[in-house]
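Accompanying notes for the structure given below.
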Amino acid sequence: MILHLYNTLHRAKMEFVPLDEEHVRVYVCGPTVYDDIHVGNARPIIVFDVLYRLLQEMYPRVTYVRNITDVDDKIMDRAAGRGEGINDLTERTILQFHKDVEALGNLKPSIEPRATDHIDDMIRMIDVLISQRFAYMAEKHVLFHVPTLADYGRLSGRNRGELVAGARVEIAPYKKDPADFVLWKPSTEKQVGWESPWGRGRPGWHIECSAMSTKYFGPDFDIHGGGEDLIFPHHENELAQCRCAHPDSSFVQYWLHNGYLQSEGQKMSKSTGNFYTVKEILGEGEREKMWRGESIRLMMLGTHYRRSLDFTKKGLEDAKRKLDRWYRVLGDFKPEVVSPNEEVMEALCDDLNTPRTLAIMDALCSRISAGREEASEARGSLYAGARVLGLLQYDNEAWFQGVMSTDAYEEGDGIESLIAQRLAARQERNFDAADSIRNTLLHRGVVLEDKPDGTTIWRRTT
RNA sequence: GGCCGAGUGGCAGAAUGGCUAUGCAGCGGAUUGCAAAUCCGUGUACAUCGGUUCGAUUCCGGUCUCGGCCUCCA
């Protein structure tokens with residue numbers, strides 16, 4: 001099976017050939033930890049988690065690095081605004097981040113480096129750039145000099161003339177060239193900072209990913225991913241730094257970028273508050289807002305990763321229903337072999353075509369429940385397909401009846417006793433009483449199903 | 001203004017130069033005390049105008065519309 005991936009650098013789908021067949025290396029830009037992640041931040045994490053799982057199916061060893069940006073002006077501003085220490089803010093945010101991404105069914109990355117643990121690596125790289133005359137000092141800043149790299153702009157498909165012409169931001173007077181960007185900037189006494197050959201200061205944004213990817217992978221590696229908004233300037237500048245610091249290397253072989261999210265048909269915007277945080281969608285105790293992480297995940301995978309996706313409550317409901325169906329069809333089935341079938345692999349190997357994968361799995365599901373399929377084999381395929389997507393990770397009972405938050409629901413005992421009362425009423429053919437109990441439970445988010453053998457099962461609606 | 005991407009049936013969303021996407025919703029039926037779940041059957045599409053072609057939703061060009069990026073936002 002050959003994996004094809006859309007490479008932003010070449011604007012085309014290309015066959016994936018790893019630099020080292022024995023060890024595939026993937027780097028993805030992680031969060032800046034000044035606030036809880038929103039559903040837009042969750043998309044690249046889910047998408048590249050699927051890529052990570054797929055690569056693990058195909059190659060003996062995969063290293064997945066996803067960084068945490070814990071030094072940034074937004075962090076400093078937020079902490080100052082709250083009168084809180086920077087470490088308190090970042091530690092708390094990272095804790096919530098880990099809860100969120102786990103609830104969304106993501107594997108842990110192999111390495112999760114933090115920017116603040118790699119200041120020395122950044123300083124060394126900046127030093128090389130200065131000594132090779134790709135960077136210069138000006139008013140306590142160190143700046144990368146863009147004209148030193150002839151084909152700067154190759155990744156984002158723009159030239160310097162366009163950049164300068166379209167610049168919306170005021171250009172700092174100490175820049176030799178308007179396109180030059182910061183590698184190191186000075187910190188005041190009160191601001192967080194580190195000693196460096198250029199005085200006490202802190203790194204610019206782009207240098208951290210360059211320094212950390214180089215540290216863990218060396219100057220060349222396979223895949224670098226992130227949201228499409230990172231193409232410019234972040235990834236363009238990473239590329240520039242790395243190619244200048246390591247002139248014999250081409251840095252990243254495959255650049256992958258996921259599309260943006262909209263929210264309920266509107267642009268997601270922090271200023272209008274038009275976005276959901278992951279924490280919010282996962283509920284934290286409010287039943288109406290409570291959604292399973294897997295519902296969010298499935299919804300995200302229902303649209304191809306490079307297209308824009310409208311995040312809606314209706315979409316979550318659809319995803320939940322689809323998962324119900326899959327869980328129902330599988331029951332307590334656990335297969336011995338969990339390799340996805342060829343059809344599923346083919347769809348995923350076509351630039352992670354998850355919508356097509358889902359269609360294949362729906363077809364499997366229909367064939368199983370219509371009794372037209374050698375059930376255990378089809379169930380195995382369904383299970384394995386779900387596994388490579390990071391879905392169906394719950395036990396059946398936990399999915400249908402489990403509580404997501406301890407204080408959110410009544411105990412299951414109350415439900416069982418009401419079901420028993422209803423059964424008695426039905427046996428007396430007192431259907432009004434029976435229906436009233438069913439409605440009571442429905443209002444508590446519990447749906448009943450009477451089975452042909454006279455038993456009644458129940459499940460939660462969220 | 002520059003660059004990039006997209007426009008598919010009621011909704012979501014794939015593939016494809018000629019052949020059913022799929023899911024949800026709808027409609028008809030089976031089943032059920034009623035439901036729920038499940039099954040069977042069923043309708044609706046390819047923004048627009050040209051071009052290439054035996055044939056285009058699919059390729060090319062124009063138009064319109066929408067979205068994204070244009071120095072620190074995934």
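Proteins come first, then strands; the chains are lettered A, B, ... in the order of their sequence lines, and each starts at number 1.
Separating the P atom of B:rG23 from that of B:rG41 is a span of 12 Å, rounded to the nearest Å. For the P atoms, the distance linking B:rU48 with B:rA56 amounts to 15 Å, nearest Å. Straight-line distance between the C1' atoms of B:rU65 and B:rU8: roughly 15 Å, to the nearest whole Å. Taking the C1' atom of each, B:rG26 and B:rG62 are spaced 39 Å apart, rounded to whole Å. With both ends at atom P, the span from B:rU42 to B:rA37 equals 22 Å, rounded to whole Å. For B:rA21 and B:rA12, the C1' atoms lie 13 Å apart once the distance is rounded to whole Å. Spacing between B:rU31 and B:rA74 at atom C1', rounded to whole Å, works out to 48 Å. Taking atom C1' in both B:rU22 and B:rA15, one finds a spacing of 11 Å when rounded to whole Å.
Considering only the side chain of A:N353, B:rA14 comes nearest among B:rU71, B:rA14, B:rG33. When the nucleotides B:rA74, B:rG23, B:rA14 are ranked by their closest atom to the side chain of A:N41, B:rA74 comes out on top. If you check B:rC72, B:rU22, B:rA37 against the side chain of A:A359, the one that comes closest is B:rU22. The listed nucleotides are B:rC24, B:rC72, B:rA37; the one nearest the side chain of A:R328 is B:rA37. Nearest to the side chain of A:R459, among B:rC24, B:rA36, B:rA15, sits B:rA36. Each of B:rG13, B:rU38, B:rA74 was ranked by its minimum atom distance to the side chain of A:P44; first place goes to B:rA74.
By the 5.5 angstrom centroid cut-off and the 30-degree plane limit, A:Y260 is classified as not stacked against the base of B:rG67.
Aromatic ring centroids of A:F181 and A:H206 lie under 6.0 Å apart. Outside the 6.0 Å centre-distance limit, the rings of A:F16 and A:H4 are not counted as a close aromatic pair.
Across all strands, A:L230 comes closer than 4.0 Å only to sugar-phosphate atoms, never to a base (heavy-atom distances). Within 4.0 Å (heavy atoms only), A:H206 reaches no atom of the nucleic acid at all. Looking at heavy-atom distances under 4.0 Å, A:R422 makes contact with a base. A:I360 comes within 4.0 angstrom of no nucleic acid atom, judged by non-hydrogen atoms across all strands. Residue A:R438 is in base contact, counting any heavy-atom pair closer than 4.0 Å across all strands shown. Residue-level contact check: A:G40 touches the bases, meaning some heavy atom is under 4.0 Å from a base atom. Nucleic acid contact for A:D229: base, since at least one base atom lies under 4.0 Å from a heavy atom of the residue. Contacts of A:D435 with the nucleic acid, taken as non-hydrogen atoms under 4.0 Å apart, include base atoms. Within the nucleic acid shown, A:D450 comes within 4.0 Å of at least one base atom, counting heavy atoms only. Residue-level contact check: A:K320 touches neither bases nor backbone, having no heavy atom under 4.0 Å from any strand. If you check every strand for non-hydrogen atoms under 4.0 Å, A:R356 touches sugar and phosphate atoms only.
OP1 or OP2 of B:rA12 has not a single side-chain nitrogen or oxygen of A:T303 nearer than 4.0 Å. A:R306 has no side-chain polar atom (N or O) that falls below the 4.0 Å cut-off from OP1 or OP2 of B:rA6. An OP1 or OP2 oxygen of B:rU22 is reached within less than 4.0 angstrom by no side-chain nitrogen or oxygen of A:R367. Dashed line: the shortest gap from a side-chain N or O of A:N237 to OP1 or OP2 of B:rC72 is not under 4.0 Å. The shortest distance between the side-chain N/O atoms of A:R321 and the OP1/OP2 oxygens of B:rG23 is not below 4.0 Å. The side chain of A:R307 contributes an N or O atom lying less than 4.0 Å from OP1 or OP2 of B:rA14.
Each of A:W255, A:F217, A:F48 was evaluated against A:H224; a single residue qualifies, A:W255, per the ring pair (Phe, Tyr, Trp, His ring centres under 6.0 Å) test. Tested against A:D318 for a salt bridge (charged side-chain N to carboxylate O under 4.0 Å, His left out), the candidates A:K320, A:K322, A:K314 yield a single pass: A:K314.
With no hydrogens or angles considered, no side-chain donor-acceptor pair links A:N396 and A:R328 at under 3.5 Å. For the 3.5 Å distance criterion, the side chains of A:W458 and A:E416 qualify, holding a donor opposite an acceptor. Looking only at atom types and distance, the side chain of A:D450 has a donor-acceptor partner in the side chain of A:T456 under 3.5 Å away.
Here B:rG67 presents its C1' atom at 19 Å from CZ of A:F311, a figure rounded to the nearest Å. In this structure, A:L261 atom CG and B:rC73 atom C1' are separated by 14 Å, rounded to whole Å. Distance CZ (A:F232) to C1' (B:rU71): 6 Å, rounded to an integer number of Å. Atom CG in A:D318 sits about 15 Å away from atom C1' in B:rG26, given to the nearest Å. Straight-line distance from the CD atom of A:Q262 to the P atom of B:rA12: 11 Å, rounded to whole Å. Here the P atom of nucleotide B:rA14 and the NZ atom of A:K322 are 12 Å apart, to the nearest Å. Going from atom CZ of A:R43 over to atom C1' of B:rC73 covers 15 Å, rounded to whole Å. As rounded to whole Å, 19 Å separates atom P of B:rA36 from atom CD1 of A:I437.
The side-chain tip of A:R202 does not point at the ring of A:W194 from less than 6.0 angstrom away and within 45° of straight on. For A:R306 and A:Y6, the positive end sits near the middle of the six-membered ring, less than 6.0 Å away and at most 45° from its axis.
The aromatic rings of A:F311 and A:Y276 sit tilted relative to each other, their planes meeting at an angle between 30° and 60°. Under the 30°/60° scheme for interplanar angles, the aromatic rings of A:Y64 and A:Y52 are found to be tilted.
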Based on Watson-Crick and G-U pairs with both distances under 3.5 Å, what dot-bracket line describes RNA chain B 5' to 3', crossing pairs as [ ] and inter-strand pairs as |?
(((((((..(((.....[...))).(((((.......)))))....(((((..]....))))))))))))....
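Nearest-nucleotide positions on RNA chain B for A:L309 and A:R11 put A:R11 closer to the 5' end. Position along RNA chain B of the nearest nucleotide to A:N258 versus A:K314 favours A:K314 as the more 5'-ward residue.
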